[in-house]
Amino acid sequence: MGDDGHGSAHDALAKASLGCIAAGLILCGLVTYAGADPRDGRRQRAEGVIEVQNPAPASLPPRDCLLEELWRVGDDEGAPDYFGVVVDAAMDAAGDVYFLDSQRVQVMRYSAGGEYLGAIGREGEGPGEFRYPVAVFVMPDGRIGVLQWRPPRALLFAPEGTPAGEIPLPAPEDGGFPFVYDADVRANTLLLNGMTSQRETLGFARTHHLALLSLDGKHPPVDVVDWSYHVRPRVPIDEIDRYHLWALLPDGRLAVAEDFDYRLRLWRADGSLERVITADYPDLPRSEDEMAQARSYYLSGRRDHSLDDEMQVETREPGVRRLQVDGAGRLWVLSGRGARAASASSLGVFDVFDGEGRLHWRVRLLGDGDPERDLYLVVGDRLFVLKEFTAARVSQRGGDAAALEGEDSAAPMSVVCYRLPELEP
């Protein structure tokens, strides 16, 4: 699709007037495009960057879509495929699904129909072994990648679990990271979410990086986004320092939400900024209980509970609560309002953008899921709901998961696999 809007024909005078306006905008370095459909939003170009300004999501009535449940697994603690803490998922071209369990330190493979096919990897430092796994992904040639947190390693396996090499990562002294937290692969591009840390007199200066690495070696590593903060005794921990969401598109572009505003930046694979995507979205205030819950989650597992009063949380909900991309390159955004719209029969309301950043659909997904308790992962044309993820994660960190949920005991994790609804304009 191009970026030019197409309107109806005009008479000669109107054409002349529009031509003068366009010429003036070009001289100012800014060109505005408007589509006939209000869902196309307002697009303008400034210094080579396209800005897509969408109307308020609430201006589009949500479509109710009943999710098709394909299978659910993992809630039987006596089974060989019971879950500890599932943190990531990937799917290969055949439809097989790979769940990364950071507590059991292995990848669990399922067929497209939900049949358990066995585990990949195990804890250790030998061939086919890893420690502290944080991400799973599928390579263009079908091998399965597992990212290890520290020391950073990207191990590769055949789908049946045989060790199949590693992706060489830059060493810290060569511009690499001593810690890595997440990764994905699309279109011969590996994205790494890593961190560098420098000791200071009263603590540490930490810088997080989103870096793109070319798997075919055609381009040098590119730092796309980075953000820094200081860790010092008795200095409040700031929630906004921990907030960055990202999604790698099928063509290798990178979408990033960098603050609590409803705004996405879309970066090319070479690290240049392509467009900025916004929606008219007034801030949504948090209640005192919601602020306390956010503070409790971030501090879960910390030994020094005197820090509780020094956790600085935002007084508003993030505009972008969750950012995902499907196999067609559409961006699925769960906003703060969309999450609050969840109910006993609904996962919430999602704003769905096309690859050019135009808000074309608002979808209320009807099914089993709670954004406060569960983790949603869009993978290809599937939506995985990782049930009881929040409690499992808090428990893994050493916190009291049952107290966080307000219950006597926390339920075990399970996964529900849905088919994403087909969306037509």
Side-chain angles (χ1 to χ4, degrees), residues 85 87-88 100 102-103 105 125 130-137 145-155 166-186 189-215 220-233 235-248 254-260 265 267 269 271 294 297-304 307 310-314 318 320 322-323 375 393-394 396-399:
V85 183
V87 296
D88 199 12
L100 174 62
S102 64
Q103 180 172 298
V105 194
E125 298 178 356
F130 43 80
R131 298 186 187 276
Y132 312 114
V134 289
V136 61
F137 50 87
V146 177
L147 184 71
Q148 176 179 286
W149 171 61
R150 182 184 182 187
R153 297 177 66 194
L155 296 94
E166 291 191 31
I167 300 175
L169 301 180
E173 57 269 21
D174 297 325
F177 310 121
F179 308 93
V180 287
Y181 296 96
D182 210 348
D184 199 3
V185 169
R186 304 287 176 92
T189 298
L190 168 67
L191 185 134
L192 280 180
N193 175 8
M195 186 190 74
T196 55
S197 183
Q198 183 176 356
R199 183 178 293 277
E200 299 181 320
T201 303
L202 296 177
F204 296 88
R206 291 180 175 171
T207 302
H208 290 257
H209 308 259
L210 292 178
L212 295 173
L213 285 74
S214 173
L215 293 175
V222 177
D223 251 9
V224 180
V225 178
D226 57 66
W227 63 100
S228 302
Y229 55 90
H230 298 276
V231 180
R232 294 170 178 165
V235 174
I237 303 168
D238 199 331
E239 178 186 12
I240 201 69
D241 289 340
R242 273 67 175 168
Y243 177 86
H244 271 73
L245 303 178
W246 60 269
L248 195 58
L254 174 67
V256 184
E258 301 173 55
D259 54 41
F260 270 38
R265 298 185 190 275
W267 303 83
Y297 179 77
Y298 279 103
L299 291 173
S300 63
R302 290 184 176 272
R303 296 179 179 178
D304 185 359
L307 291 175
E310 298 190 33
M311 176 70 199
Q312 181 64 46
V313 298
E314 295 292 301
V320 180
R322 189 72 186 166
L323 173 62
L375 178 64
R393 196 62 159 163
V394 168
Q396 185 182 32
R397 293 172 175 172

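When reading the values below, keep in mind they use all heavy atoms of this one structure, side chains included, and skip hydrogens, waters and symmetry mates. Each residue takes its place number in the sequence, starting with 1.
Contact annotation: the side chain of Val134 never approaches that of Ser102 to less than 4.5 Å [non-hydrogen atoms, C-beta and beyond].
Checking each of Val185, Leu212, Asp182 against Leu191 for a side-chain contact (heavy atoms from CB on, under 4.5 Å) leaves exactly one that passes, namely Leu212.
In this structure, CG on Leu169 lies 7.0 Å from CG on Leu190, to the nearest 0.5 angstrom. Atom-to-atom distance recorded for Trp246:CH2 and Leu323:CG is 10.0 Å, nearest 0.5 angstrom. Between His244 atom NE2 and Trp227 atom CH2 the span is 4.5 Å, to the nearest 0.5 Å.
Here Phe137 pairs with nothing under the ring-ring contact (aromatic ring centres under 6.0 Å, His included) rule; sequence neighbours left out. Under the rule for a side chain to side chain donor-acceptor pair (under 3.5 Å), Asp226 has no partner lying at least two apart in sequence or in another chain. Tyr229 is linked by a side chain to side chain donor-acceptor pair (under 3.5 Å) to His208, counting only residues two or more places apart in sequence or in another chain. Partners of Phe179 according to the ring-ring contact (aromatic ring centres under 6.0 Å, His included) rule, which considers only residues two or more places apart in sequence or in another chain, are Trp149. Residues satisfying the side-chain contact (heavy atoms from CB on, under 4.5 Å) test with Arg186, not counting sequence neighbours, are Asp184, Leu248, Pro250, Val325.
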Check: residues 197-206 side-chain donor-acceptor pairs under 3.5 Å, at least two apart:
residue	atom	partner	partner atom	Å
Glu200	OE1	His230	ND1	3.1
Glu200	OE1	Arg232	NH2	3.3
Glu200	OE2	His230	ND1	3.2

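Crowding of Arg150 atom CZ: a count of heavy atoms from other residues, nucleotides or ligands under 6.0 Å not exceeding 12.
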